[in-house]
2 protein chains.
Amino acid sequence: MEDVARLAGVSMITVSRAIREPAKVAPATLARIEAAIRRTGYVPNLTAGSLASSRSRIVGAVVPTIDNSIFAETVRGMSEVLEAAGYQLLLGQTAYRADAEDSLVQAFLGRRVDGMVLTGIGHSPATVRRLRAAAIPVVETWDLTARPIDMLVGFSNRDAGAALGRHLLARGYRRLGFVGGAEERGRSRYAGLAAAVADVPGATVLRQELAAGTSYKDGRAAILRFLELPEPPQACFFGNDALAIGALMECARRGVRVPQDMAIAGFADLDIAAEVTPALTTVHVGSRQIGEEAARLLLARFEGRRVAPRIRDLGFRVVARAST
Amino acid sequence: MEDVARLAGVSMITVSRAIREPAKVAPATLARIEAAIRRTGYVPNLTAGSLASSRSRIVGAVVPTIDNSIFAETVRGMSEVLEAAGYQLLLGQTAYRADAEDSLVQAFLGRRVDGMVLTGIGHSPATVRRLRAAAIPVVETWDLTARPIDMLVGFSNRDAGAALGRHLLARGYRRLGFVGGAEERGRSRYAGLAAAVADVPGATVLRQELAAGTSYKDGRAAILRFLELPEPPQACFFGNDALAIGALMECARRGVRVPQDMAIAGFADLDIAAEVTPALTTVHVGSRQIGEEAARLLLARFEGRRVAPRIRDLGFRVVARAST
DNA sequence: GCCACGAATGTTAGCGCTACCATAACCGAT
DNA sequence: ATCGGTTATGGTAGCGCTAACATTCGTGGC
């Protein structure tokens, strides 16, 4: 930067201004500085800038995983909005391990990220304490609570589970099955389903809880376990679309007709849900919008704007397709 | 940090050492410092550390996209290896726009990332110049070239295309079709296929080039276009599994028998490729290993180890399943 | 008892920027 | 001619750490 300043015949601070707020520099000076930058190949050191200004222009995001997953779209949406505003995304994946979130959050805070996006509303007390102490904007996502750490963008997993349950019951199914991972949001979906079932006399629900971080294969295995029962469920609700599609494929393979012999529903409305045959009934939750909105809330805060309300319920929509 | 030092009755540098190389601090001192850290809730400022040590412990990764994509697994593998070593991942997505890579690289270099991972081997001259000037370890991925910028982890897309082509020809198909996105690696796969076709008298190949960044829907549309021809291809090779699965689903819907009426093959071997019916023939390329290996090469360099050879050809494997 | 040596800790001087305040030059209004 | 206000630019002092080089102290060998 000193070289650039010398070459352009100005002081360092003017170079700094030319880069960050070109409007405040005289056009002629600006041109000289730009020429000098080009000639020297100068790349501003944003680390030094962050230290001096105590704003890093980095946002940390913690998600369970991004492969064949509903969270990939959230990260995508977030990343696009942030990049357009000149912010960068520091990505951390927990693989559904609770302690991983804690250490990621600590690492991100050490980097002095300007804001943080978390998945879900269940965090260790230490994490919550650290985030509050850091006094940076935080957005929790993919769930709903009345008392978020700071801001929240999501929907009610419980209500979504209940809505899907009512859909199945309305179609006449009475013996229901549920398959989900051992994680908070999956459990909420089950709780909603169970509540819907409790409202209908004679309706029952059987539950399989798998390890967290499930995929197609697990869905196949789960549906097989149901089909082997003397009295299998008539309709099965899977905690995510990957599980449901695995199950759907297994049914196709075995000649189990969907939905006549076994109805199947998923969750999250991945692109592929609409493409399989029969098309998968699922709950659309706007994965991408969650990411975009979370990023927008952060940007608003960075620019000093008030964010109200701090809780954004993006809702959900039961998408009834041929599989139920 | 000053507070911690005062509380523990040591100098700042000892606190710094206690955090970074605890073995070099006397156990009793270490214990006092750790207690002081806990009492004060001190979180080391890694930005300041980066500036002072000129090592950021951040790696930048540029991928086209991470949703329902082959690159998600690469990012996942990379991220896990890096996090285990105390490095963080700064993620950038280009959405297949060429200029996006350039600006991401520039932003990452401004952050003084310790290393960089790029997708593919085609980069703008400006990007290459900048990367060389930065003199940091760089890994290119997902393709092969004799002259990488620095290191490379991938496989030959051309050879993979050719191998898949030979597989189709060996099964007796003569009128082939190819559908791929308008991007470098897809074109290489086509070039390989075309070469294989050229070796067999009477064999032909018809090509559809779509916009880059394709998904299920585009596969469906593409297969329809082929099926409407007076003499459709007998076998169709799709540049990625998502396209192929879209096509497969469309065939199922239309009663087009796969592979009897139309054989279908994909590329990359996503988890779902093995799950659909009929199971999808595809080319397995170790998406995740690419990420892991790229991360390992970077770590080796960070630790000052020599990396030889600098080109890692991870190969590929034609996975012949029921769809061809 | 002296010295060389390694282990433990400290001092100093930045890393490369930006915040903050100051200064200079120029403008039109009085 | 004087003045307040605006625009353009500069000087100084850090931001919170760590590299590099001291310094101190205890230990064992002779």
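Sequence lines set the chain letters: A, B, ... in the order given, protein chains first and strands last, and positions in each chain run from 1.
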Extract from the structure each pairing of a protein N or O with an N or O of nucleotides 18-21 of chain C at less than 3.5 Å, listing the distance.
from   : atom 1 : to      : atom 2 : distance (Å)
C:dT18 : OP1    : A:Arg20 : NE     : 3.2
C:dT18 : OP2    : A:Ser16 : OG     : 2.2
C:dA19 : OP2    : A:Arg20 : NH1    : 3.1

Any side-chain donor-acceptor pair under 3.5 Å between [X] and [Y]?
X: A:Thr127; Y: A:Ser124; result: yes
X: A:Arg112; Y: A:Ser54; result: no
X: B:Thr74; Y: B:Trp142; result: yes
X: A:Asp3; Y: A:Thr40; result: no

Taking B:Arg310 for its side chain and B:Asp150 for its backbone only, find out whether a donor-acceptor pair lies under 3.5 Å.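 Present.
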Rounding to a whole Å, what distance do you find between B:Lys24:NZ and C:dG6:P? 14 Å
Take atom CZ of B:Arg6 and atom C1' of C:dG10, then tell me their distance rounded to the nearest Å. 16 Å
Which residue lies toward the 5' end of DNA chain C, B:Arg32 or B:Arg112, if each is placed at its nearest nucleotide? B:Arg32
Reading DNA chain D in the 5' to 3' direction, which nucleotide is the first one with an atom under 4.0 Å from a heavy atom of chain B, and which is the last? D:dG16 to D:dA19
Check every strand shown and say whether A:Thr14 touches a base, only sugar-phosphate, or nothing at a heavy-atom separation below 4.0 Å. sugar-phosphate
So what does B:Thr47 hit on the nucleic acid, given a heavy-atom distance under 4.0 Å: a base, only sugar-phosphate, or nothing? nothing
Can you find a heavy atom in the side chain of B:Leu297 that is under 4.5 Å from one in the side chain of B:Pro137? no
Listed partners of B:Thr14 passing side chain to side chain contact (heavy atoms under 4.5 Å, CB included), at least two apart: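 Only B:Val10, B:Ser11, B:Val25, B:Thr29, B:Ile33 meet the side chain to side chain contact (heavy atoms under 4.5 Å, CB included) criterion with B:Thr14.
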Please say which of B:Thr94, B:Val105, B:Thr141, B:Val128 ends up in a side chain to side chain contact (heavy atoms under 4.5 Å, CB included) with B:Leu118.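 Going through B:Thr94, B:Val105, B:Thr141, B:Val128 one by one, the side chain to side chain contact (heavy atoms under 4.5 Å, CB included) with B:Leu118 is satisfied by B:Val105 alone.
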